Amino acid sequence: MNTPLFEFLCRMGDNTLVLGHRVSEWCGVAPVLEEDIALANTALDLIGQTQLWLGMAGEVEGKDRDADKLAFHRDVWDFRNALLCEQPNGDFGQTMMRQFLFDTWHLIMLKALAGSSNEQIAAIAEKSVKEVTYHQERSADTVIGLGDGTEESHMRMQKALDKLWPYVGELFIGDEVDAAMVEQGIAPDPASLRATFDSQLDAVLAEATLTKPADDFAHKGGKTGARHTEHLGHMLTQMQWLQRAYPDASW
Amino acid sequence: MNTPLFEFLCRMGDNTLVLGHRVSEWCGVAPVLEEDIALANTALDLIGQTQLWLGMAGEVEGKDRDADKLAFHRDVWDFRNALLCEQPNGDFGQTMMRQFLFDTWHLIMLKALAGSSNEQIAAIAEKSVKEVTYHQERSADTVIGLGDGTEESHMRMQKALDKLWPYVGELFIGDEVDAAMVEQGIAPDPASLRATFDSQLDAVLAEATLTKPADDFAHKGGKTGARHTEHLGHMLTQMQWLQRAYPDASW
Amino acid sequence: EPDERAFQERINAGGKIEPKDWMPEGYRKNLIRQIGQHAHSEIVGQLPEGNWITRAPTLERKAILLAKVQDEAGHGLYLYCAAETLGVTRDDLTRDLLSGKMKYSSIFNYPTLTWADMGAVGWLVDGAAIMNQVPLQRTSYGPYARAMVRICKEESFHQRQGFDIMMKMANGTEAQRKMAQDALNRFWGPSLMMFGPSDAESVHSAQSMAWKIKMNSNDELRQKFVDQTAPQAEYLGLTIPDETCKFNEETGHYDFAQPDWDEFFDVLRGNGPCNTERLEARNKAWDDGRWVREGLLAHAAKKRSAKMAAE
Amino acid sequence: EPDERAFQERINAGGKIEPKDWMPEGYRKNLIRQIGQHAHSEIVGQLPEGNWITRAPTLERKAILLAKVQDEAGHGLYLYCAAETLGVTRDDLTRDLLSGKMKYSSIFNYPTLTWADMGAVGWLVDGAAIMNQVPLQRTSYGPYARAMVRICKEESFHQRQGFDIMMKMANGTEAQRKMAQDALNRFWGPSLMMFGPSDAESVHSAQSMAWKIKMNSNDELRQKFVDQTAPQAEYLGLTIPDETCKFNEETGHYDFAQPDWDEFFDVLRGNGPCNTERLEARNKAWDDGRWVREGLLAHAAKKRSAKMAAE
């Protein structure tokens with residue numbers, strides 16, 4: 001059993017699981033029909049990636065837990081997603097800003113993972129890169145369109161950025177799990193992704209006429225599981241309800 | 001075992017359980033501190049009554065289910081609350097209108113039950129009458145104050161009444177369970193409570209300068225369990241979460 | 001009138017009417033109403049299923065349901081495009097939906113209360129929809145007929161997925177079987193109502209059939225649906241909530257009781273269990289989304305004028 | 001100044017200052033700040049516990065938690081009343097809370113993540129609060145002292161309830177024990193911070209102690225808290241997340257490590273895990289409630305003028 005590897009895979013899979021859930025909450029109530037379709041598509045991709053990451057995590061753990069068992073039968077403290085992913089949808093602007101910040105990190109991460117020493121991880125990453133490239137293009141375009149749209153849309157996007165900014169830093173904070181991954185050539189040092197992230201971010205924000213907050217304070221505790229926000233527990237009551245209520249059923 | 005009696009007790013207890021839950025959702029976010037206190041107090045009374053009704057239901061059933069087991073381990077179709085109780089809080093006006101409509105019915109019902117041939121029911125009703133008398137005075141006062149307040153508050157209260165009105169009729173629709181209760185002198189015929197309800201309602205609405213909707217269409221399916229609204233299932237994911245996730249624990 | 005005669009002869013000969021062709025005003029109006037309602041049904045139809053996406057019991061089921069709801073939004077898009085060829089805009093139609101002026105299929109005014117409802121909706125509701133839609137692939141209006149071809153392909157896929165959920169439930173634990181039966185109990189009547197009242201009472205039927213924008217009678221399709229569905233229920237080990245529902249050796253069809261038409265008209269009048277919620281949800285989405293639509297339009301205009309200035 | 005000397009002598013002699021008595025402006029200001037912050041803490045303190053009312057595991061626990069949160073609102077009310085005797089209104093204080101100008105106890109900027117947190121909040125947070133509050137029953141300002149008497153009685157009841165939840169959890173299933181330990185891990189440091197930084201760094205301390213609006217030093221109370229809590233943790237079979245926390249035979253007290261004061265100052269600056277959520281929740285409640293407050297005021301005014309017209 002490879003504990004740091006298991007942890008790492010849970011981090012990847014919980015990010016996509018939790019963000020996929022959030023995005024799926026938009027079902028049927030997006031601002032335009034095309035967005036309904038696009039958001040459902042994003043959620044679908046993220047859930048598909050979750051099956052791969054958590055499926056592999058279960059195999060690595062070797063305790064007979066498959067992706068569903070991991071998704072539906074862990075409580076908050078065992079979740080390893082970044083806090084950014086569990087933040088509430090807010091308005092459409094906040095949802096798309098969260099998506100853009102995550103997508104931008106996610107794509108850089110996946111591209112690095114495509115060169116992982118672990119072939120299975122490299123394969124998952126390669127498949128995901130295709131999907132996430134599209135996500136990132138779309139969310140960047142939306143951030144630009146709304147940032148540089150009307151006065152109201154600009155104001156809402158700036159507010160969304162200010163609100164979500166303290167959750168960005170966690171994506172780049174490394175710990176002993178990450179160190180183990182680096183050592184084994186499995187995954188990059190999170191901090192090493194920051195420069196690329198910043199330059200891509202700055203380019204989009206400039207086009208979107210949005211201002212990056214000056215304060216770089218970063219909340220943490222999601223990817224280590226030490227302290228999630230109160231939002232995650234509420235999400236799990238919904239997400240895990242049926243599995244928890246009917247543990248013996250197969251669906 | 002007395003099935004109609006069990007059903008009847010579940011109806012009483014599920015009303016207070018579900019409405020108590022809704023009211024408790026206001027915790028900490030009411031429009032003024034005094035309302036925070038009053039709403040918590042109402043919720044508390046309703047939860048206390050739930051313990052009595054569902055406790056007795058469990059005894060009557062004789063299947064070793066106590067009030068907690070009934071509250072936390074049944075799924076939607078086994079709930080017997082009137083649809084009115086599960087309607088979402090909406091704004092404070094909608095919450096207080098729902099409360100007023102329910103309290104008014106509840107008090108008339110409890111007063112009738114205080115004369116029940118079943119002593120245990122009579123005792124529960126007698127205790128509850130004291131609490132609900134206060135609830136009803138308060139909610140009636142609030143409906144009057146906000147109905148006859150500003151233009152905005154009037155408009156919101158009328159909207160609340162229009163929205164909730166279709167859920168009032170169910171409280172007075174009888175079925176074979178009610179018939180059995182009437183026959184045994186346990187509970188009144190629901191329809192027999194309507195005249196008192198209407199006269200009390202009309203008096204309050206007049207003072208509140210609100211107009212009773214003309215259409216008497218009534219949604220049903222809550223007290224029989226045949227068809228709840230989509231809101232109940234979402235409520236249960238929260239309410240029952242811990243019990244469902246940790247069925248072996250004691251708290 | 002020669003135009004009208006030529007138009008009808010073309011339809012009789014199995015020809016297609018295309019957007020630029022001459023057509024009677026009644027044909028255009030009826031089509032706009034019919035296609036618009038169908039589009040609205042796809043849009044509103046996202047809501048009862050969307051209600052369970054966040055509670056789907058497995059990742060696989062969640063993905064399937066998401067894909068289905070995404071398809072429905074896509075169907076809405078095809079259909080609005082088909083309607084637009086008749087000279088209305090999507091925004092016009094949307095406003096009429098939101099104000100309650102235009103209808104959507106009544107079935108979506110019923111709540112989805114357990115996971116088995118995801119099965120029942122696929123099996124029964126999509127099943128009934130397909131019965132209605134398959135013949136419409138041969139409808140006289142070209143853009144509508146072509147939209148239906150794409151839609152039917154996906155719908156039958158959805159129906160199979162719904163039946164698959166029902167099988168899992170019906171062969172599952174006692175609670176699951178109970179959910180499955182309960183779902184069938186609640187959706188049986190409303191599904192029969194999806195074909196509309198008996199043709200005797202239907203206003204538009206004769207003309208619509210001559211124009212080939214309605215291909216079969218309501219009663220005919222309803223019978224076909226019962227004949228298809230009753231044996232499936234039997235296969236699932238579920239009981240159709242209609243004691244009279246039995247195969248009749250003489251007619252070669254299943255007998256069945258009419259659904260509660262009073263309820264149908266209640267729902268049409270706005271008194272279905274979820275009419276208010278559904279319209280509220282759509283109105284809220286539209287109102288909350290205004291700033292987004294305006295923002296994106298403003299940005300597009302800026303880009304256009306910047307481009308023009310540069311040329 | 002003779003007023004000031006007489007004032008201080010009265011305090012030294014153990015007398016109470018009442019609203020109409022002369023008092024130095026600094027005394028008044030400090031008290032308003034202190035009582036106001038305390039009131040705000042009660043109000044904001046409803047939120048982390050309110051977060052679990054809808055998820056309480058039994059009806060009994062739900063009732064107890066509701067009663068507790070109701071008590072907290074009541075404490076807020078007493079305290080706002082005490083502050084009002086000093087010439088501010090509750091609305092003034094509320095506006096300063098909502099704008100972020102006035103603070104509330106930093107502890108409420110931490111999230112409640114499992115049911116065990118309801119135990120930890122009662123046991124540790126109320127425990128620490130009581131340490132702070134019991135001496136304040138003897139504070140020099142009469143209305144404040146009397147409010148504290150009522151509050152302390154209820155708080156110690158809450159603390160026992162919290163400890164009772166912790167006992168159930170610590171003696172429960174493996175998952176419950178894990179929740180309990182996790183709650184202790186997360187709330188230990190923040191509870192120690194509740195007493196404020198070491199007195200050496202505290203600005204107001206000396207004057208406040210002379211005025212008897214602060215009765216003990218921060219470090220003194222913190223030590224007392226650790227001395228009380230460490231054996232309780234042992235009794236529960238839980239491990240305090242501080243390896244240095246051991247009984248010291250020489251001093252007769254428990255040794256312990258200072259909490260992370262950088263984190264404390266981060267939280268004070270608004271960067272706690274929940275600062276934004278807490279203030280957003282209170283602001284939303286206030287804004288959403290405007291029409292209610294206005295409506296009830298308008299109605300009361302109508303009734304008054306109708307009554308006057310009738311007289």
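All of these numbers come straight from a predicted model, not from anything done at the bench. Proteins come first, then strands; the chains are lettered A, B, ... in the order of their sequence lines, and each starts at number 1.
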[atom2] on [Y] to [atom1] on [X], rounded to 0.5 Å:
X	Y	atom1	atom2	answer
B/Q51	D/T58	CD	OG1	7.5 Å
B/L33	D/H75	CG	NE2	11.5 Å
D/Q70	B/L44	CD	CG	6.0 Å
B/S250	D/K168	OG	NZ	3.5 Å
D/Q176	B/L242	CD	CG	9.0 Å
B/I47	D/K62	CD1	NZ	5.0 Å

Is a side-chain N or O of [X] found less than 3.5 angstrom from the main chain of [Y], in a donor-acceptor match?
X	Y	result
D/R282	B/G28	yes
D/D288	B/P31	no
B/E34	D/L77	no

Check whether more than 12 heavy atoms from other residues, nucleotides or ligands sit under 6.0 Å from atom NZ of D/K303, and answer yes or no.
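Open.
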Does D/E84, at its CD atom, have more than 12 non-hydrogen atoms belonging to other residues, nucleotides or ligands within less than 6.0 Å?
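Count over threshold, so yes.
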Quick one: which of D/E49, D/E72, D/R90 has the most heavy-atom pairs under 4.5 Å with chain B, could you say?
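The option with the most such pairs is D/R90.
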Using a cut-off of under 4.5 Å on heavy-atom pairs, state which of D/A298, D/A73, D/G289 scores highest against chain B.
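Top count of heavy-atom pairs under 4.5 Å with chain B: D/A73.
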Counting only non-hydrogen atoms closer than 4.5 Å, does [X] touch chain B with its backbone (N, CA, C, O), its side chain (CB onward), both, or neither?
X	answer
D/R55	both
D/M167	neither
D/V292	both
D/L65	neither
D/T173	side chain

Is it the backbone or the side chain of [X] that comes under 4.5 Å from a heavy atom of chain D, or both, or neither?
X	result
B/L17	side chain
B/A30	backbone
B/M157	side chain
B/R244	neither

Test ring pair (Phe, Tyr, Trp, His ring centres under 6.0 Å) applied to B/H106 - qualifying residues, sequence neighbours left out
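Per chain and number, B/H106 pairs via ring pair (Phe, Tyr, Trp, His ring centres under 6.0 Å) with B/F102.
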So which atom in B/G149 and which in D/K302 form the shortest heavy-atom distance, rounded to 0.1 Å?
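That would be O-NZ, 2.9 Å.
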Where B/W251 and D/R61 come nearest, the two heavy atoms and their spacing
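Smallest heavy-atom distance, with atoms named: O-NE, 2.6 Å.
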For chain D, which residues from residues 81-92 of chain B lie under 4.5 Å away (heavy-atom distances)?
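Within residues 81-92 of chain B, the residues that come under 4.5 Å of chain D (heavy atoms only) are B/D91, B/F92.
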Got B/V29 and D/K284 here, is their nearest side-chain heavy-atom distance under 4.5 Å?
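Answer no - side chains too far apart.
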Evaluate D/T54 against B/S24 for side chain to side chain contact (heavy atoms under 4.5 Å, CB included), listing each step before the verdict.
CA-CA 7 Å; D/T54 55; B/S24 78; 3.9 Å; yes
Any ring pair (Phe, Tyr, Trp, His ring centres under 6.0 Å) pairs touching residues 90-112 of chain D, not counting sequence neighbours?
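For residues 90-112 of chain D: none.
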Solution key, residues 70-79 of chain B side-chain donor-acceptor pairs under 3.5 Å, sequence neighbours excluded:
unit_1	atom_1	unit_2	atom_2	d
B/H73	NE2	B/Q243	OE1	3.2
B/R74	NE	B/L70	O	2.6
B/R74	NH1	B/D14	OD2	3.1
B/R74	NH1	B/D78	O	3.0
B/R74	NH2	B/D14	OD1	2.6
B/R74	NH2	B/D14	OD2	3.4
B/R74	NH2	B/L70	O	3.2
B/D75	OD2	A/Y246	OH	2.5

